[in-house]
Amino acid sequence: MLPSLTDEQRLLKESLERFRQQDYAFEKRKTLLARLGAADDPVWAQLAELGWLAATLPEEHGGLGGSHADLALLMEQFGRGLVTSPFVPTVVLGGTILRLAGSAAQQSTILPAVAEGTTRLALAYLEPPGHPDPACVATRARREGDGFVISGEKLAVLYGNVADHLLVSARTSGEVGDGHGISMFLVPADAPGLAVNAYRTHDSGWAADLRLERVQVSADSLVGAMDSGLETLEAALDAGTAAICAEAVGAMWHLHDMTLDYIKMRKQFGATIGSFQAIQHRMVDMYMKCQLAQSMALAGLAALDSSDPIARRRAVSATKVQIGRAARHVGEEAIQLHGGIAMTDDYAAGHYFKRLTMIRLMFGDEDYHLRRYRHSTAD
Amino acid sequence: MLPSLTDEQRLLKESLERFRQQDYAFEKRKTLLARLGAADDPVWAQLAELGWLAATLPEEHGGLGGSHADLALLMEQFGRGLVTSPFVPTVVLGGTILRLAGSAAQQSTILPAVAEGTTRLALAYLEPPGHPDPACVATRARREGDGFVISGEKLAVLYGNVADHLLVSARTSGEVGDGHGISMFLVPADAPGLAVNAYRTHDSGWAADLRLERVQVSADSLVGAMDSGLETLEAALDAGTAAICAEAVGAMWHLHDMTLDYIKMRKQFGATIGSFQAIQHRMVDMYMKCQLAQSMALAGLAALDSSDPIARRRAVSATKVQIGRAARHVGEEAIQLHGGIAMTDDYAAGHYFKRLTMIRLMFGDEDYHLRRYRHSTAD
Amino acid sequence: MDVRERFQTAALRAFREEVRSFVRANLPEDIRRKVAQERMDLPREDQQRWHKILRAKGWACAGWPKEHGGPGFSDDHRYVLERELALGDAPRPMIYGEGMLGPTVMAYGTEAQKRQILPGILEGDVLWCQGFSEPNAGSDLASLQCKAERMGDHYVLNGSKMWTSEGHIADWMFGLFRTDNSGRKQEGITFLMLDLNLPGVTVRPILLFEGTHEVNQVFFDNVCVPVEDRLGDEHKGWAIAKYLLSLERFGTAEVSRSLASLARLKAFVRDQDPFRHAPEQRESTERRIAELEMELEALEITEVRFLFKQDGANEVGPEASMLKVRGTEIQQDIFELTMMCAGGYGLGARRDESAADVAATRRGQDSAYPYFNFRKTAIYAGSNEIQRNIIAKAVLGL
Amino acid sequence: MDVRERFQTAALRAFREEVRSFVRANLPEDIRRKVAQERMDLPREDQQRWHKILRAKGWACAGWPKEHGGPGFSDDHRYVLERELALGDAPRPMIYGEGMLGPTVMAYGTEAQKRQILPGILEGDVLWCQGFSEPNAGSDLASLQCKAERMGDHYVLNGSKMWTSEGHIADWMFGLFRTDNSGRKQEGITFLMLDLNLPGVTVRPILLFEGTHEVNQVFFDNVCVPVEDRLGDEHKGWAIAKYLLSLERFGTAEVSRSLASLARLKAFVRDQDPFRHAPEQRESTERRIAELEMELEALEITEVRFLFKQDGANEVGPEASMLKVRGTEIQQDIFELTMMCAGGYGLGARRDESAADVAATRRGQDSAYPYFNFRKTAIYAGSNEIQRNIIAKAVLGL
């Protein structure tokens, strides 16, 4: 996906390809999914062992200090291989928040453990009724003694049930919708008062709805400055969004390639269906959507390095819109051009389609990001 | 287009077909257009002579008392033949307003003349900045003496330059956007203070922008009740909208038929282009759009008979949205599937496309009518 | 001039009210919930239970004439009935027996076959499935290869059938089998009916990618089918299948079902107010809903125009293919929009059948299932590509 | 990682500013207005006038190497220049001479031909047109039949060329002519150049349906063309044409032009405020504008990815066909939306070249013209269907 690769990136790419084609081959996936999120999840252990959990984390905390180009590589290959893991919540969402706003103590205890694969993180920001704007926080954190007491509800927390620590957004002042007054907290998964309702997601991952009833946390569990957590939260969500967009591009190319192979082979009425012009032109449209999506995924990831948050928001939202629409088109067409076989559980296409659809729903859909794009202006 | 025809309607249809295929054949059209709107416009004379101007007007005023089914027949055939005339502004818009709200004197002097073809009407309702909501009237009519003095600007008045009388909406109370406070006036074309800036429209018709500077009219030029003109105006615009939608369906079927004939005949790479599956499927999409548009055109015309103005508004707006989108699709595809030949002035397709495009722009586009549809509810 | 006015006679209005009340009073709530969740995989027991309720009322097999135990409804009555059943969240009729085989047996069956087959369908005691498609005969149905060899007064079946909907809950199958390979591929096909409990029949489930079990592969290993269970003549099954499939196309627009789905979506947006913090997105969502409503209305009118021809000829021509194409497109768009409205709630793969309020449960749990599941509708029953080919050839002469 | 960063070096920033100032200071206002009205039918005199202004600055024929009088720009400089010229409403370069024939002569011409042809193009003194298409050879170009018979040191031309853009304002034509009919249709085609003032040449205007005169049919009645005006070998013109057409595809995305058109649309909506009484429609219009902006950005990045390969190989493969397809689709959508925003103002078929404020005049008069006129872009230069065929075959291997 990247316009050019360094030698190191070429090596990284090769090992990622080997992993997804061999260790995570589609035939093995069902078995591996049964252990997804378990303490001894073999995939997670392997991601740690191969250094991929550490790849983009800062060097001073056990990471390899990789760039967003490395993140792009990882995510694209995870997309192509339908690699299902808590990578995004742990490394991208959690990692970004701690990197940007964590105290020295938080960073030095948690980030190395993340890099080693011994700690998993999750981000609890979404709340009923499900509006993806991170400023829509009703969960409250009140000062009590030298700590805080947090109460509220969180929705669809990705891998919230398998995380060791939850990063929780809560309102320390203001009202739902206010940009100011949001603080981030690092909450241990076993904190009393935290109820976790876990469920599998359509893409075979995990999510959880959380209920926090007077969850008590210490003062040093505050991440970053009080009342000013939104900026960090937005930066993390933008990183997560750009990451899953890169993943989606990988998944789309994989569906594109599968479909192309299939129509070259499948015969109907005595000819391969790929010889029918209507099918050809639709295949070309899929190809074009993949190319355009890839272009925007690059722009979205590049914007994470921008020092201008408005430019970053615009680029990431434009990316999510483009990728979401392309994902719908490519996913639906891949199923349709295959026909019945792609409707079955044994065939990979439907699972890629489900993952693409979940990516559309994550961190705000096209409609939300179209609005965010338009309203992210300086003037 | 109609689901069934009476014997009389069958005769009407046959004579309409004869007219458009012979008297108004495309090769003759350019010559006829040069005289469009002239006092001795031969097409207008023929429409009168054949009884078509009278067809839908009330019997007590020289009309034939035809139904909306007759209107559908006329409009569809006008659409198929690309018949360009002031029929809609004169008979449908003007005729509806006078029929619904005209005084006995207004009806008995003007409607028979319309039926005979000796009087033409136009409706001046649209104003800068062009918002098609008929409540957006800034033009003012003030009582002075026993008459009124009207001042304001009107935009894109269809055939406003060739009309003998203009039906003008003006505000007698309230502000721009208010439903109440609009009155309709019958203004002679030669009224002092009325400046007419006429121009050809892209579909080879006429339109005019009007400036009214202290135009004085007598008290009996008021059409209907003071301040309560909006209801009549909306009814007329809905009739006009339904009429041009039926016309558009005729034009779309004609483009459909032309395109189908062309792709069966045109050869590229040693085969007719109609044998290419991609072209076939696109032709099928055009066919489906025509069918769906035809269905809605029927619903739109039928709703004109409804006693419930909300139901009428919803149906007409749903019709305009469907027809507008279909018109764009069918028009653009007709050009594209033809290729270069359809870009030329000598070939009919481009002219049908232009007429369809003008119909999209008339009386509010799809975006406007989608909004109107949603907001036309009782609850 | 509105073609839908034909359903507004006093008699039909009264009938509509009757159906509405009947469904409200008699449709079991547990079944209603599953239907309102857009499930197409209703258990056998649910389907039978509802069928027998309709049968007791005399409305089962609504398209059947009185002589075979049907209500002998006019087409208008059938249209109204189907609409109200859908709007009331009643299950779809059991299409393979009631909708397809029944009328086909009436047209092509012997008197003995009619006596033997029709009552089981009418009473809801015998459930049927269709054995047409095969692994390498999908859209190109006539290339089917599943073999039936004539051995005296039996056919011996070998091979397999693919995509057999409800094969796991059906008692009997009707299907097409290759009895001769020597001529054109449409020739040498024979229409047989067989008990799925016969020795040598194996039904292997095929799970769909969203997890439901609706279709199967059915294997035949020297299965003996008596000659008297053949419909029509040997080698002449293709014409019967074409007749049967023309019945299937009737109603595939699913206008009534989509009206119900759209009403559910509107109720969800109104009652759950997912956009309470985002007025602009409520606005754009309501626009999309209105657009789908309009598209559906255009299709509804088109269907009536096609099904109720003014000259009384109520047979459907090849133009009806567009009903299936547009119907599935609109239905798929409704489910897509519904899922997007659920937002983060749509991530969870869980479906709670006990929930009292379907609109609320959709929000939490089941909004993505129909989006995934209904991809199949553009593929099965003649893919939308095949339908376009039909229109191109048979309507447009291309 | 953003591929567009390559245009943000200090040198290119400075160059961008230089171009911007130059255009602002030197583009005649009457020409600027016509370009801002999206006109593609600029008179000969306008095109020459602007070309000579650029020539005086040394920027004419921006893609040409220094040895032939061009500026010898890097591809990055060309990219920046093209962008700024478009954003400044400068005319497009005269593609037939500067963009097509010039580079082709450099590649295939004799030294004499280079000396004879290139200076006329460089100075803007000789205008060229292209004679490829024929009435029955459009997308299927190789089936062309316009005849050139060799008679001693001349070819004698008979037949006609169709869709000849600018044929009425050009001095010379280059074109493909049939010199042999015996082999494959791609063989026996010869590339000739001819003075349009030669006896036997007739240029017949073809009006487009919105009234502009851009294309022509050019008839040849025993026109004698000297053999030395042949480019390349006899019968071997097809390869030259393919080379020439691959040059044409470079830049057909029209990203820069579309950026300018979109900026005009935004200025119109902001300044004229056509939706001042309709906030919901302003909202939906601004959504559409944002969508087009995003689509255009995705295309812009894709174009840079394709044109500036990281391995230094800057040739464009067949995937570039998608630039033309998406480029024309987006451009057409921009003009459609612009027209719809003008509403009732769009009805009038009038274009006022004297109006000082283009945004304001568009509102009144010229919003439908580009919508109609630009339908051609999906048809000419290899229709979008042909481009899809190319991708299917050459990229996807179908």
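Any value given below was found using the heavy atoms of this structure, including those in side chains, with hydrogens, waters and symmetry copies removed. Within every chain, numbering begins at 1; the chains are lettered A, B, ... in the order of the sequence lines, protein sequences first and strands thereafter. Please read all numbers here as calculations on a predicted model, not as lab measurements.
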**OP:** Anything in residues 320-327 of chain B with a heavy-atom distance to chain D below 4.5 Å? Please list those residues in order.
**Re:** none

Subject >> Shortest non-hydrogen separation from B/Pro129 to D/Pro274 and the atoms involved >> reply: CG-O, 3.7 Å

Original post:
So which of B/Arg200, B/Arg371, B/Met343 has the largest heavy-atom pair count under 4.5 angstrom toward chain D?
Top reply: B/Met343

Subject >> Option that, when pairs with chain B are counted at under 4.5 Å, heavy atom only, ranks first among D/Glu336, D/Glu385, D/His277 >> reply: D/Glu336

**OP:** Mind listing the closest non-hydrogen atom pair of D/Asp140 and B/Phe269 along with its distance?
**Re:** OD2-N, 2.8 Å

Original post:
Out of B/Arg266, B/Glu366, B/Gln268, which one racks up the most heavy-atom pairs below 4.5 Å with chain D?
Top reply: B/Gln268

Original post:
Which atom names give the shortest non-hydrogen contact between B/Ile335 and D/Arg375, and what distance separates them?
Top reply: CG2-CB, 4.2 Å

**OP:** Find the distance between CZ (B/Arg360) and CE (D/Met339) and round it off to the nearest 0.5 Å.
**Re:** 5.0 Å

Original post:
Do you know which of B/Asp133, B/Asp346, B/Ile273, B/Thr357 has the most heavy-atom pairs under 4.5 Å to chain D?
Top reply: B/Thr357

Original post:
Between D/Gly348 and B/His202, which heavy-atom pair has the shortest distance, and what is it?
Top reply: O-NE2, 3.2 Å

Subject >> Exercise: identify the closest heavy-atom pair between D/Asn384 and B/Gln336 >> reply: N-NE2, 4.2 Å

Subject >> Carboxylate-amine/guanidinium proximity below 4.0 Å for B/Asp209 and D/Arg350 >> reply: yes

Original post:
Under 6.0 Å from the NZ atom of D/Lys266, do we count more than 12 heavy atoms belonging to anything else shown?
Top reply: no

Subject >> Segment of D/Leu141 engaging chain B (4.5 angstrom heavy-atom cut-off) >> reply: neither

Subject >> Option in B/Gly130, B/Gly339, B/Ala207, B/Gly340 with maximal non-hydrogen atom pairs under 4.5 Å from chain D >> reply: B/Gly340

**OP:** Of all the heavy-atom pairs spanning D/Gly346 and B/Met358, show the shortest one and how long it is.
**Re:** O-CE, 4.0 Å

**OP:** For the residue pair D/Gln332 and B/Glu332, confirm or rule out a side-chain donor-acceptor distance under 3.5 Å.
**Re:** no

Subject >> Aromatic ring proximity D/Tyr371/B/Phe353, centre distance under 6.0 Å >> reply: yes

Original post:
Is it the backbone or the side chain of B/Leu158 that comes under 4.5 Å from a heavy atom of chain D, or both, or neither?
Top reply: side chain

Original post:
Would you say the side-chain atoms of B/Lys354 pair up with the backbone N or O of D/Phe209, donor to acceptor, closer than 3.5 Å?
Top reply: yes

Original post:
Considering only heavy atoms, which portion of D/Asn373 lies under 4.5 Å from any heavy atom of chain B: side chain, backbone, both, or neither?
Top reply: backbone

Original post:
Of all of D/Arg288, D/Lys185, D/Lys376, D/Met162, which one pairs up most often with chain B through heavy atoms under 4.5 Å apart?
Top reply: D/Lys376

Original post:
Does the side chain of B/His131 reach to within under 4.5 Å of the side chain of D/Arg276, using non-hydrogen atoms?
Top reply: no

Original post:
Would a 4.5 Å heavy-atom cut-off, applied to side chains only, mark D/Glu210 and B/His351 as touching?
Top reply: no

Subject >> Top contributor to chain D contacts, counting heavy-atom pairs under 4.5 Å, from B/Pro132, B/Ala156, B/Ala342, B/Gly350 >> reply: B/Gly350

Subject >> B/Tyr368 versus chain D, the contacting section by heavy-atom distance below 4.5 Å >> reply: both

Original post:
Is B/Asp345 reaching over with its side chain to a backbone N or O of D/Gly211, donor-acceptor style, under 3.5 angstrom?
Top reply: no

Original post:
Hey, what do you get for CG (B/Asp367) to CE (D/Met340), rounding to the nearest 0.5 Å?
Top reply: 8.5 Å

Original post:
Non-hydrogen atoms of chain B under 4.5 Å away: do they reach the side chain of D/Ile206, the backbone, both or neither?
Top reply: side chain

Original post:
In terms of heavy-atom proximity below 4.5 Å to chain D, should B/Asp203 be classed as side chain, backbone, both, or neither?
Top reply: neither

